[in-house]
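Presented below is the structure to which this report refers.
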Amino acid sequence: KQAHAYFDGGAWLTESVENGGGGSSLALDAAGHAQIIHFQTLSYPNGDIRLASFDGYAWHAETALTGLWGSPQKSLALDSLEQPHFSLCISHSFGYKLGYAYKDGVGWHDEYFGDYIPHSRDSSLALDAEDRPHLSYGGESLLYVHQTPVPISGVAIQGPETVAIG
């Protein structure tokens with residue numbers, strides 16, 4: 001069961017959000033309302049990544065990604081328009097692969113890049129002042145992924161760049 005716990009200034013309170021949650025990440029919007037990204041098992045070990053959002057009155061949940069194997073670790077951030085973005089490492093027989101997903105006015109979008117990492121499910125996401133994603137993830141080495149402008153005929157195209165650290 002996915003739950004939300006918060007401190008109201010005097011005591012810790014807990015509320016149920018949605019059944020079947022696991023591997024969650026939390027972000028707060030400008031009003032202090034919670035958004036939680038989590039894995040919901042459908043038929044072990046397969047499931048979906050779901051976003052549960054509190055609007056001040058009730059919880060609302062939607063599917064962000066479907067048909068994943070295992071419970072990928074996720075890291076959630078909200079952009080300047082309070083749209084959700086998250087990183088994840090999806091499981092595969094070759095290891096784990098870094099992914100990035102976000103929601104905009106059209107719907108959910110996801111992409112995966114880099115080589116398979118043999119020993120890591122960890123990832124972390126932060127958005128910069130221009131809402132560009134920055135991700136770190138580890139395996140046999142720590143890696144940092146960010147988008148860099150690539151000028152083509154005067155037009156800036158964003159593309160991922162991976163930098164090994166250490």
Side-chain angles (χ1 to χ4, degrees), residues 1-92 95-114 117 120-138 143-147 158-160:
K1 191 171 251 196
Q2 186 62 48
H4 172 239
Y6 61 98
F7 188 71
D8 71 355
W12 281 95
L13 303 173
T14 305
E15 58 188 337
S16 179
V17 175
E18 186 174 35
N19 288 329
S24 63
S25 180
L26 167 74
L28 301 177
D29 65 20
H33 299 140
Q35 291 197 29
I36 302 171
I37 199 89
H38 67 95
F39 185 78
Q40 186 176 56
T41 303
L42 301 175
S43 173
Y44 182 81
N46 298 312
D48 296 339
I49 293 184
R50 308 250 312 150
L51 177 73
S53 302
F54 187 70
D55 64 7
Y57 302 100
W59 285 97
H60 307 277
E62 64 183 285
T63 300
L65 298 177
T66 189
L68 298 176
W69 185 84
S71 179
Q73 185 272 345
K74 295 151 294 300
S75 179
L76 176 66
L78 302 179
D79 64 23
S80 59
L81 299 175
E82 299 190 346
Q83 293 291 330
H85 298 244
F86 65 93
S87 65
L88 72 157
C89 284
I90 59 168
S91 179
H92 192 277
Y96 299 92
K97 191 160 190 141
L98 181 66
Y100 165 68
Y102 65 96
K103 184 178 180 182
D104 60 16
V106 176
W108 285 98
H109 310 275
D110 62 316
E111 60 183 292
Y112 303 91
F113 39 86
I117 310 160
S120 179
R121 294 173 16 153
D122 297 329
S123 68
S124 183
L125 166 72
L127 300 175
D128 64 22
E130 296 180 17
D131 290 334
R132 290 185 300 235
H134 296 254
L135 298 89
S136 68
Y137 66 108
L143 299 170
Y144 170 67
V145 179
H146 61 100
Q147 292 183 323
Q158 303 293 321

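We're numbering straight along the sequence, starting at 1. Every value quoted in this text rests on a predicted model; they were computed, and no experiment measured them.
- Side-chain contact between L78 and P84 is present, with at least one heavy-atom pair separated by less than 4.5 Å.
- When every heavy atom of T14 is checked against every heavy atom of A3, the shortest pair comes out as CG2-CB, 4.1 Å.
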side-chain contact (heavy atoms from CB on, under 4.5 Å) between I37 and L88, intermediate numbers included: CA-CA 11 Å; I37 199 89; L88 72 157; over 6 Å; no
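- Heavy-atom minimum distance, L127 versus H85: CD1-CD2, 3.7 Å.
- A donor-acceptor pair is defined here as one N or O able to donate and one able to accept, closer than 3.5 Å; no such pair exists between the side chain of D48 and the backbone of R50.
- With rounding to the nearest 0.5 angstrom, the CG atom of L81 is 12.5 Å from the CG atom of D29.
- Separation of atoms CD (E82) and CD (Q35) is listed at 7.5 Å; rounding is to 0.5 Å.
- Within the model, atoms CG of L51 and CD of E18 stand 9.5 Å from one another, a figure rounded to the nearest 0.5 Å.
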Working for side-chain hydrogen bond (donor to acceptor under 3.5 Å, both in side chains), residues D8 and Y6: CA-CA 6 Å; D8 71 355; Y6 61 98; over 6 Å; no
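- The two residues W108 and E62 come nearest to each other via the heavy atoms NE1-OE1, 3.0 Å.
- Taking the six-membered ring where tryptophan is involved, the planes of F54 and H33 are perpendicular, since the angle between them exceeds 60° and thus also 30°.
- Across every non-hydrogen atom of A52 and V17, the tightest pair is CB-CG1, 3.4 Å.
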side-chain contact (heavy atoms from CB on, under 4.5 Å) between I49 and F86, intermediate numbers included: CA-CA 10 Å; I49 293 184; F86 65 93; 3.8 Å; yes
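- In terms of heavy-atom proximity, S123 sits nearest to C89 at CB-SG, 4.1 Å.
- Counting heavy atoms of neighbouring residues, nucleotides and ligands inside a 6.0 Å radius, atom OH of Y57 does not exceed 12 of them.
- Atoms NE2 and CG, on H60 and D55 in that order, are 3.5 Å from each other to the nearest 0.5 Å.
- Rounded to the nearest 0.5 angstrom, I36 CD1 and L26 CG are separated by 5.5 Å.
- Considering every non-hydrogen atom in both G99 and L135, the closest pair reads O-CD2, 3.9 Å.
- Here NE2 of H109 is found 10.5 Å from NZ of K103. Values are rounded to the nearest 0.5 Å.
- Using modelled atom types, one side-chain atom of D131 and one backbone atom of S80 make a donor-acceptor pair closer than 3.5 Å.
- In this structure, S24 contributes its side chain and H38 its backbone to no donor-acceptor pair below 3.5 Å.
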